[in-house]
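Fair warning: this is a prediction, and the values are worked out from it, not measured in the lab.
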Amino acid sequence: MLEKVVIANRGEIALRILRACRELGIKTVAVHSTADYSLKHVLLADESVCIGPPPSSGSYLNMPAIISAAEVTDSVAIHPGYGFLSENADFAEAGGKERLRIHWPEGRNHPHHGRQGFRNPCHEVARRTLCARLRRAARRGSGREPAGRARYRLPPIIIKASGGGGGRGMRVVHSEASLLNAIGITKAEARAAFGNDQVYMEKFLERPRHIEFQVLADGHGNVIHLGERDCSMQRRHQKVIEEAPAPGITARQRRIMGDRCVEACKAVGYRSAGTLEFLFEDGEFYFIEMNTRIQVEHPVTELITPASTS
């Protein structure tokens with residue numbers, strides 16, 4: 001049992017972590033910027049440590065400061081929640097060197113995830129175990145060569161930040177002439193929001209639905225899925241409404257895709273909560289990415305999941 005956990009986040013997810021720790025009898029340490037000293041989770045935590053100025057680059061993305069906060073409070077673990085450092089392999093490795101347990105996805109293949117989480121490399125697993133794969137215009141955006149590669153693939157395409165989430169770091173490109181500029185803007189936005197400017201490109205589907213399957217894996221080879229959510233109602237790539245279970249897919253489609261998500265997680269020895277996201281068009285699922293963390297939408301799944309399964 002963990003004795004004390006640093007909550008390396010803020011807002012709703014910080015409160016959810018704090019509540020879970022309190023229910024389990026685990027002490028909590030809230031880290032915060034100078035602007036967030038009065039947030040609710042900071043006031044409710046057993047201890048709090050200021051880790052830097054208001055810009056996230058100097059506080060919630062400041063790995064040395066967060067690890068130091070864990071050390072000075074004798075904490076044994078850090079929970080990054082979602083966003084910020086939740087999918088940063090460097091953070092997990094840095095914590096491991098200090099004998100801190102980082103609540104970060106693990107698996108026998110995770111050192112090959114390329115320092116930006118699970119998005120790019122997992123397409124190799126998805127190609128074999130999940131479903132139709134969206135054709136890549138480039139595996140990583142360097143800002144120099146994608147235009148040459150992309151001319152062999154017709155627009156539209158979508159550029160995504162490898163370390164992104166929450167709809168940030170995404171742009172649709174309809175012409176080759178605007179490709180390099182769009183890559184540059186997306187890289188800058190990704191660098192500012194996630195501390196990681198790597199991007200990749202995929203074919204853009206015009207009228208798909210967005211369906212995601214949530215999984216839980218315990219690190220002992222046991223993986224389950226908790227059904228799916230439909231998050232097709234979006235504005236600027238930000239999810240507005242989540243519905244579960246997803247309407248309009250058959251029981252057979254639900255069973256097949258759920259089983260494939262479980263198989264994919266077992267194939268990489270995944271451990272943690274996670275969500276596999278798909279586009280659904282004309283009866284076919286297209287794998288987008290896996291979010292290797294708890295998501296904002298997790299409460300929707302909680303509401304439809306029997307307590308015996310949780």
Side-chain angles (χ1 to χ4, degrees), residues 1-2 5 8-9 13 16-17 20-21 23-24 26 76-83 85-89 91-93 95-96 100-131 162-163 165 211-229 231 242 244-246 254-278 285 287-310:
M1 178 63 70
L2 301 174
V5 173
N9 216 298
I13 187 60
R16 291 176 67 81
I17 297 168
C21 288
E23 290 176 354
L24 294 170
I26 301 171
V76 297
I78 301 174
H79 198 311
Y82 48 66
L85 297 172
S86 63
E87 295 179 280
N88 190 303
F91 183 53
E93 290 182 5
L100 287 167
R101 180 177 175 183
I102 310 292
H103 287 267
W104 187 81
E106 294 183 7
R108 58 181 173 270
N109 297 330
H110 86 267
H112 307 296
H113 287 178
R115 298 295 186 275
Q116 69 268 359
F118 203 47
R119 284 174 171 79
N120 290 343
C122 70
H123 279 74
E124 296 304 322
V125 176
R127 182 175 60 84
R128 298 189 300 270
T129 60
L130 285 171
C131 57
S162 290
I211 297 176
E212 53 194 26
F213 285 77
Q214 183 163 328
V215 295
L216 290 177
D218 64 4
H220 299 285
N222 301 305
V223 183
I224 62 172
H225 77 85
L226 302 178
E228 81 288 347
R229 303 183 293 256
C231 51
E242 288 271 344
R254 178 178 293 110
R255 183 180 67 255
I256 290 174
M257 290 311 302
D259 290 345
R260 287 180 178 176
C261 289
V262 168
E263 291 169 9
C265 290
K266 288 182 177 179
V268 297
Y270 185 72
R271 187 195 78 181
S272 189
T275 302
L276 293 96
E277 300 200 7
F278 303 87
F285 283 91
F287 177 67
I288 310 173
E289 64 188 14
M290 181 174 185
N291 289 296
T292 53
R293 51 174 166 75
I294 193 169
Q295 281 192 293
V296 178
E297 307 92 307
H298 176 73
V300 177
T301 294
E302 279 190 352
L303 289 173
I304 66 164
T305 303
S308 59
T309 306
S310 300

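Here Leu85 contributes atom CG and Arg293 contributes atom CZ; the two are 12.5 Å apart, rounded to the nearest 0.5 Å. A distance of 6.0 Å separates CG of Asp259 from NE2 of His225, quoted to the nearest 0.5 Å. In this structure, CD on Glu302 lies 12.5 Å from CD on Glu297, to the nearest 0.5 angstrom. Note that SG of Cys21 is 12.5 Å distant from CZ of Arg16, once rounded to the nearest 0.5 Å.
One side chain, Gln214 or His298, offers a donor N or O that lies under 3.5 Å from an acceptor on the other.
Phe213 is not listed as a side-chain neighbour of Leu226, based on a closest heavy-atom distance of 4.5 Å or more. Between Cys265 and Leu276 the shortest side-chain heavy-atom distance falls below 4.5 Å. Taking 4.5 Å as the limit, some side-chain heavy atom of Phe278 sits within range of a side-chain heavy atom of Cys261. Between Met257 and Arg260, some side-chain heavy-atom pair lies under the 4.5 Å cut-off. Side-chain atoms of Thr275 and Met290, non-hydrogen and from C-beta on, never get closer than 4.5 Å to each other.
Of all heavy-atom pairs between Ile26 and Leu2, the closest is CG1-O, 3.4 Å. Across all non-hydrogen atoms, the minimal contact from Glu228 to Pro245 is OE2-CB, 3.3 Å. Across every non-hydrogen atom of Ile13 and Gly81, the tightest pair is CG1-CA, 3.8 Å.
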Practice task
Apply side chain to side chain contact (heavy atoms under 4.5 Å, CB included) to the pair Ile224 and Val215, showing each step before the final yes or no.
Solution key: CA-CA 6 Å; Ile224 62 172; Val215 295; over 6 Å; no
Problem - Residue pair Gln295, Glu277: steps toward the side chain to side chain donor-acceptor pair (under 3.5 Å) verdict - result: CA-CA 12 Å; Gln295 281 192 293; Glu277 300 200 7; 3.0 Å; yes
Handout entry: side chain to side chain contact (heavy atoms under 4.5 Å, CB included) between Phe285 and Ile256, intermediate numbers included
Key = CA-CA 11 Å; Phe285 283 91; Ile256 290 174; over 6 Å; no
Practice task
Go through the steps for Arg271 and Asp218 under the test side chain to side chain contact (heavy atoms under 4.5 Å, CB included), then give the verdict.
Solution key: CA-CA 5 Å; Arg271 187 195 78 181; Asp218 64 4; 5.7 Å; no
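Asn9 places a side-chain N or O within donor-acceptor distance of the main-chain N or O of Tyr82, the cut-off being under 3.5 Å.
By the salt bridge (Lys or Arg N to Asp or Glu O under 4.0 Å) test, Glu212 is found to be paired with Arg229, Lys239, residues two or more places apart in sequence or in another chain being considered.
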